[in-house]
Amino acid sequence: MDVVQIFLACLASFGRMLIAYIISFIVAIAVGILMARRRYAEALLLPVLDILQSIPILGFFPIAIAIFLALLPKNIGLELAAIFLISTSLLWNMIFGVYSSVKSLEPEVLTMASIYKMRAFSRLAYIYIPVARAAIAANSIISWAGGWFFLTSAEVIGWGSEEHRLFGIGSLIMDFYSSGSSAEFYTAIAMLFAFIMVSYILIFNPAVNTATQQRMLPAFGKVFHYIYKLISALWELVISIGIKIESKRAFLYTIILTIPVAAPATFSMSTATNLSMGYQFLYEFAENFLLSLGRVALVILTSLTLAIGIAYLALVKKWGSPIALIGEVLASIPAIIWWPLLSPLIHSLPWLVSFIVFLQGSLWYSFFNVMLFGVPKIRADVLDLAEVYRVRGANYFRYILIPSLIPSIASGTLSAWGGAWNATIVAEYFESSGKVVDLGGVGAMLCKYTYRGSYDYVLYTVLLWALMIAIFNKALWSRVFKLVERAFVVE
Amino acid sequence: MQHLISLVNIVKSFGEKGKKLKVIDGVSLDVDEEFLVILGPSGCGKTTLLKIIAGVEKPDEGAIKIRSNTTYGFVFQSPTLLPWLTVLDNVALPLMAKGVSKGIAREKASKYLSLVGLHGFEDFYPHELSGGMKQRVNIARALVVEPTVLLMDEPFSQLDPLTAEALRAEILDLWLSGVTTVKAIVMVTHNVEEAVLMADRIVILTPRPAKIVKIIEVKLPRPRDRRAKEFQDIVDKVYEYVS
């Protein structure tokens with residue numbers, strides 16, 4: 001057994017994840033701030049991003065292939081395609097985190113900035129970016145886990161008869177499973193676990209603890225400390241240069257507007273215009289969509305219940321720290337592991353394995369939203385009230401815990417909704433060395449069309465998918481959020 | 001001599017077409033080197049007027065004439081400090097944003113923090129300070145740009161009575177002793193006694209939309225005694241005009 005190979009594979013995947021993370025970080029700051037400060041950007045991007053976050057990574061294959069694989073030499077193109085795909089798993093909630101932080105700035109702070117004639121760069125450096133720090137940190141954890149979850153989908157880009165595999169832990173685990181090398185299989189999983197846990201304990205948890213000035217997540221060591229010093233020093237340098245330039249010139253404004261939002265839109269539009277969709281396809285889609293919808297609904301209800309239960313344990317029993325770490329590691333387990341791991345159940349209870357995979361793709365959004373955004377913000381006086389009047393058990397849930405957590409429950413459920421839809425591609429369809437598990441649903445549909453290389457049908461599926469999500473967001477979620485805002489936001 | 005600030009027939013409304021709310025309805029005012037207080041009930045538009053003077057809001061109609069080289073410091077109703085900066089950096093912020101080097105900005109910030117009595121608190125964060133201390137930081141920040149005009153928006157309304165009284169005395173001290181570059185103070189308040197205590201002239205506004213009812217001169221020598229008859233007489237006179 002070649003442990004070195006496994007280690008190197010972990011390193012390779014880790015490197016890809018890191019680059020994707022840094023790119024997503026920068027884009028999230030740029031786009032989030034733009035959306036919060038400019039009405040037109042907000043009006044345009046908010047609904048678009050909402051939809052994009054519910055489109056699974058496979059939906060972005062056409063773009064990845066059309067841009068990176070077609071235009072660049074194979075090796076570079078493949079790596080960039082993988083990094084691009086990974087970014088689509090990381091990006092959206094980070095953007096929303098930045099956006100809502102900047103939006104919630106006290107208006108007087110902006111008045112203050114106007115009075116002291118702070119221009120764009122100073123505002124960016126002293127106001128917008130600092131205020132978003134905590135949200136970026138917390139969302140980074142959620143994103144990091146999400147990235148690992150879909151890692152294999154980015155490392156094994158299958159398109160019809162072509163299959164491009166990148167050297168990495170995701171594809172390696174797949175290989176071990178299909179060749180039946182169980183010792184290697186379990187070793188690889190164990191090493192992946194270790195890598196992930198280390199990345200949390202040494203880097204992400206200290207980062208969040210520092211940014212939120214709390215001690216909730218288990219952290220260790222000085223690695224982050226040095227990274228932080230380095231980045232701070234660089235940042236100070238950037239600020240001083242930026243402000244000097246800005247004060248000397250009348251107007252200096254740099255917008256890093258990226259995301260090829262326009263690209264997939266125009267791509268899809270142009271192909272969609274040669275539609276001859278046919279009644280049959282629509283029927284197939286509708287059938288599968290309803291099937292998936294039922295599953296998604298069940299999954300998010302379960303996620304919700306579990307998340308509240310876990311929050312209770314964290315709050316009342318004070319198990320917050322270990323729960324958070326366990327959650328982080330479990331959330332990062334790549335989806336691809338579950339089917340092989342639970343293979344004895346594939347024949348007898350495939351729907352159970354499917355359910356577990358679904359949960360793994362969505363529970364954590366509810367969990368982290370509640371744990372990182374909800375629990376720390378519960379008003380101390382409400383908890384004191386519960387103590388003084390000995391509110392316990394069911395009453396505690398009904399009158400104290402749930403009402404206090406409602407805003408984070410709502411946003412967590414919305415993210416879980418997106419996560420569940422994303423997870424359909426790994427929960428409804430699984431294929432390895434001849435074995436195929438096909439449970440129907442839109443995720444399975446998308447997988448089949450992708451692996452068959454049917455560009456058109458992939459596009460149609462994604463378009464209809466996006467349309468349905470848009471309808472649901474408008475009809476259901478905006479109402480939910482309006483209600484939450486009216487009834488539960490404290491001020 | 002030209003006035004420091006001249007407002008001519010300022011009109012301001014808020015809202016979109018259809019739901020316009022007229023806030024200021026033709027206000028003309030001259031500000032010289034004095035302590036001017038703008039008095040009116042809550043919601044009458046006084047803060048908006050102050051922001052128009054500061055140049056942060058633009059009037060719909062009317063003109064503003066300002067003597068050249070006039071700079072502003074603004075003391076907000078709430079401290080409006082950035083939670084991620086230390087007290088020192090919060091005060092230094094207006095200078096740093098203008099491109100002044102960090103070292104000089106911090107030096108000046110330190111000087112003004114001492115002036116407001118917060119020497120030794122430079123490295124604290126806002127959440128570690130009491131309300132009164134935060135408001136002092138707010139004041140130091142307004143002074144650090146060495147303004148010629150100090151604008152204050154109900155600066156004591158969010159403080160408890162004891163702290164408010166202490167801060168009023170400190171502001172008057174700073175004003176009268178001439179240690180700052182401030183030539184004029186324009187303060188907005190809804191507290192009649194506070195106005196009579198501090199002002200050279202009181203501009204009384206109507207409820208929304210704001211118009212000037214009366215401008216009352218307060219010629220009492222400072223320090224002023226609230227219980228003195230002359231003081232009470234002026235308070236009564238002001239109340240007559242405040243509807």
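Chain letters run A, B, ... following the sequence lines, proteins first, then strands; residues in each count from 1.
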**OP:** Count the heavy atoms of every other residue, nucleotide or ligand shown that sit under 6.0 Å from CZ of A:Phe220, and state whether that count exceeds 12.
**Re:** no
Original post:
When heavy-atom pairs shorter than 4.5 Å are enumerated against chain A, which of B:Pro83, B:Gly55, B:Ser101, B:Pro94 gives the highest number?
Top reply: B:Pro94
Original post:
When you look at CZ of B:Arg201, are more than 12 heavy atoms from neighbouring residues, nucleotides or ligands closer to it than 6.0 Å?
Top reply: yes
Subject >> Crowding at CG, A:Asp384 (>12 non-hydrogen neighbours, <6.0 Å) >> reply: yes
Subject >> Proximity breakdown for A:Ile127 and chain B, heavy-atom pairs closer than 4.5 Å >> reply: both
Original post:
Under 4.5 Å between any side-chain heavy atoms of A:Tyr116 and B:Lys98, yes or no?
Top reply: no
Original post:
Is the shortest heavy-atom distance from the side chain of B:Leu93 to the side chain of A:Met118 under 4.5 Å?
Top reply: yes
Original post:
Passes side-chain contact (heavy atoms from CB on, under 4.5 Å), A:Thr111 versus B:Phe74? Steps please.
Top reply: CA-CA 10 Å; A:Thr111 308; B:Phe74 201 107; 5.6 Å; no
Original post:
Stepwise, does the side-chain contact (heavy atoms from CB on, under 4.5 Å) test hold for B:Lys51 with A:Ile115?
Top reply: CA-CA 9 Å; B:Lys51 287 188 178 168; A:Ile115 291 192; 6.0 Å; no
**OP:** Using a cut-off of under 4.5 Å on heavy-atom pairs, state which of A:Ala125, A:Ser240, A:Pro130 scores highest against chain B.
**Re:** A:Pro130
**OP:** Please flag which part of A:Glu108 lies under 4.5 Å from any non-hydrogen atom of chain B: side chain, backbone, both or neither.
**Re:** both
**OP:** Examine whether an atom of A:Arg123 lies under 4.5 Å from a heavy atom of chain B, and if so say whether it belongs to the side chain, the backbone or both; otherwise answer neither.
**Re:** neither
Subject >> Residue, of A:Ile239, A:Val109, A:Val131, that accumulates the most heavy atom pairs under 4.5 Å with chain B >> reply: A:Val131
Original post:
Is the count of non-hydrogen atoms from other residues, nucleotides or ligands lying under 6.0 Å from B:Lys102 atom NZ greater than 12?
Top reply: yes
Original post:
Shortest non-hydrogen contact from B:Ala97 to A:Ser122?
Top reply: O-OG, 3.7 Å
Subject >> Exercise: identify the closest heavy-atom pair between A:Tyr126 and B:Trp84 >> reply: O-NE1, 2.7 Å
Subject >> chain A contacts, top residue of B:Thr71, B:Val56, B:Leu151 (heavy-atom pairs, under 4.5 Å) >> reply: B:Val56
**OP:** Nearest 0.5 Å please: distance from the CE atom of A:Met112 over to the CG atom of B:Asn90.
**Re:** 7.0 Å
Original post:
Considering only heavy atoms, which portion of B:Ser78 lies under 4.5 Å from any heavy atom of chain A: side chain, backbone, both, or neither?
Top reply: both
